[in-house]
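Working notes for the structure below.
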Amino acid sequence: MMVSLYFQRVEAIQGARIEAAGTRDDPLTKPTCKEVEMAAPRICSVEGCDKRAVARGWCDPHYRRWKKYGDTDGHSASYGAAKHFFEVTIPSHDSDECLIWPFYRNGLGYAVIKRGGKTHLVSRLVCEEEHGSPPTTEHQAAHSCGNGYGGCVNKQHLSWKTPTENVADRIDHGTYQFGTLNHQAKITENDVRRIRCLAGALSHGEIGERFGLDRSTVRNIIARRIWKWLD
């Protein structure tokens, strides 16, 4: 519904600009960055919150809570409990059933833990414990169960795979979809347009912080290596 509303508003903008120009051959029919921003402002992704999103898909209060406590509710799980689960529960889990991380998970549903003041993917740490360091920095901790987004951290389900191999697995699992058809997608078509509008005005790191993306993803979006089908 939000996407449909967005396109209706963009079409209205285009129509107004065409009418003002007096011809449908006028080249200025594509909305400007400011018009895109006004047409579909991002709303906080926390259920029940209708404030404007400013970073990682959250409004300022929810983002500040996440920065301080590790979750948007403003309650931090005991680090000792998470550390115990990582060091004792995960290694001792011998079942083939998914082992779900009961603590904080990122916006895509993947288990994360803080170490040394930095946030790490639990699946990657577990994969390192089980299989050693990744063959290259590009290799990802892939889930054979296809349930990484559901918080699975079962060591038996993890292995190092290239991004291409990992995507192929997700397609096989039926958990990979393109664009906003993916209900786990971190960004929308309108976010992509915003990111490209911000190129040159902000660094890739600053843009990534706003949208909850890493620098390489921002760089690939701007260079149209991904989302290249989107104008």
Side-chain angles (χ1 to χ4, degrees), residues 55-57 66 70 82 86-87 90-91 93 98-101 103-189 191-196 198-200 202-230:
R56 300 184 72 91
W66 173 80
F86 179 82
E87 295 180 349
I90 294 176
H93 183 77
C98 288
L99 177 64
I100 305 301
W101 181 254
F103 306 103
Y104 182 67
R105 285 149 57 178
N106 66 16
L108 289 178
Y110 288 83
V112 293
I113 190 172
K114 283 195 173 181
R115 277 187 165 187
K118 295 184 178 180
T119 301
H120 300 269
L121 284 171
V122 176
S123 55
R124 193 169 182 88
L125 296 178
V126 172
C127 202
E128 288 180 352
E129 293 284 343
E130 190 71 7
H131 303 291
S133 299
T136 71
T137 56
E138 297 298 317
H139 275 72
Q140 301 172 342
H143 292 76
S144 61
C145 59
N147 195 32
Y149 68 89
C152 177
V153 292
N154 187 333
K155 62 182 184 295
Q156 298 178 34
H157 295 177
L158 293 165
S159 63
W160 295 119
K161 292 196 175 182
T162 65
T164 300
E165 291 170 335
N166 200 10
V167 167
D169 281 353
R170 289 161 63 193
I171 291 173
D172 288 341
H173 298 147
T175 59
Y176 186 86
Q177 293 178 306
F178 297 90
T180 51
L181 291 176
N182 184 351
H183 66 283
Q184 267 104 40
K186 296 182 74 171
I187 57 175
T188 66
E189 283 92 343
D191 293 332
V192 173
R193 292 186 175 94
R194 273 198 198 88
I195 288 169
R196 288 171 179 162
L198 291 171
L202 298 176
S203 70
H204 291 169
E206 290 171 328
I207 296 173
E209 179 66 18
R210 284 195 178 193
F211 293 89
L213 303 172
D214 57 41
R215 288 182 179 85
S216 63
T217 301
V218 172
R219 185 165 53 250
N220 287 334
I221 289 173
I222 293 171
R224 296 183 181 274
R225 297 188 188 98
I226 56 178
W227 293 84
K228 56 186 177 183
W229 51 270
L230 186 65

Look up atom [atom1] in [X] and atom [atom2] in [Y], then write down how far apart they are to the nearest 0.5 Å.
| X | Y | atom1 | atom2 | result |
| --- | --- | --- | --- | --- |
| Asp191 | Arg193 | CG | CZ | 10.5 Å |
| Arg115 | Thr119 | CZ | OG1 | 12.5 Å |
| His157 | Asn147 | NE2 | CG | 9.0 Å |

Using every non-hydrogen atom in the two residues, find where [X] and [Y] come nearest and quote the distance to one decimal.
| X | Y | result |
| --- | --- | --- |
| His120 | Leu125 | CB-CD1, 3.8 Å |
| His143 | Tyr110 | CE1-CE2, 4.1 Å |
| Leu121 | Asn106 | CD2-ND2, 3.8 Å |

Spell out, as yes or no, whether a donor-acceptor pair under 3.5 Å connects the side chain of [X] to the backbone of [Y].
| X | Y | answer |
| --- | --- | --- |
| His131 | Leu158 | yes |
| Arg215 | Ser203 | no |
| Lys155 | Val126 | no |

Side chain to side chain contact (heavy atoms under 4.5 Å, CB included) partner of Glu128, chosen from Ser123, Ser133, Pro134
Pro134
When Val218 is tested against each of Ile221, Asp214, Ile222 for side chain to side chain contact (heavy atoms under 4.5 Å, CB included), which residue passes?
Ile222
Restricting to pairs with a member in residues 133-151, which pass salt bridge (charged side-chain N to carboxylate O under 4.0 Å, His left out), not counting sequence neighbours?
none
Where do Ile90 and Glu129 land on the side chain to side chain contact (heavy atoms under 4.5 Å, CB included) test, with the steps shown first?
CA-CA 11 Å; Ile90 294 176; Glu129 293 284 343; over 6 Å; no
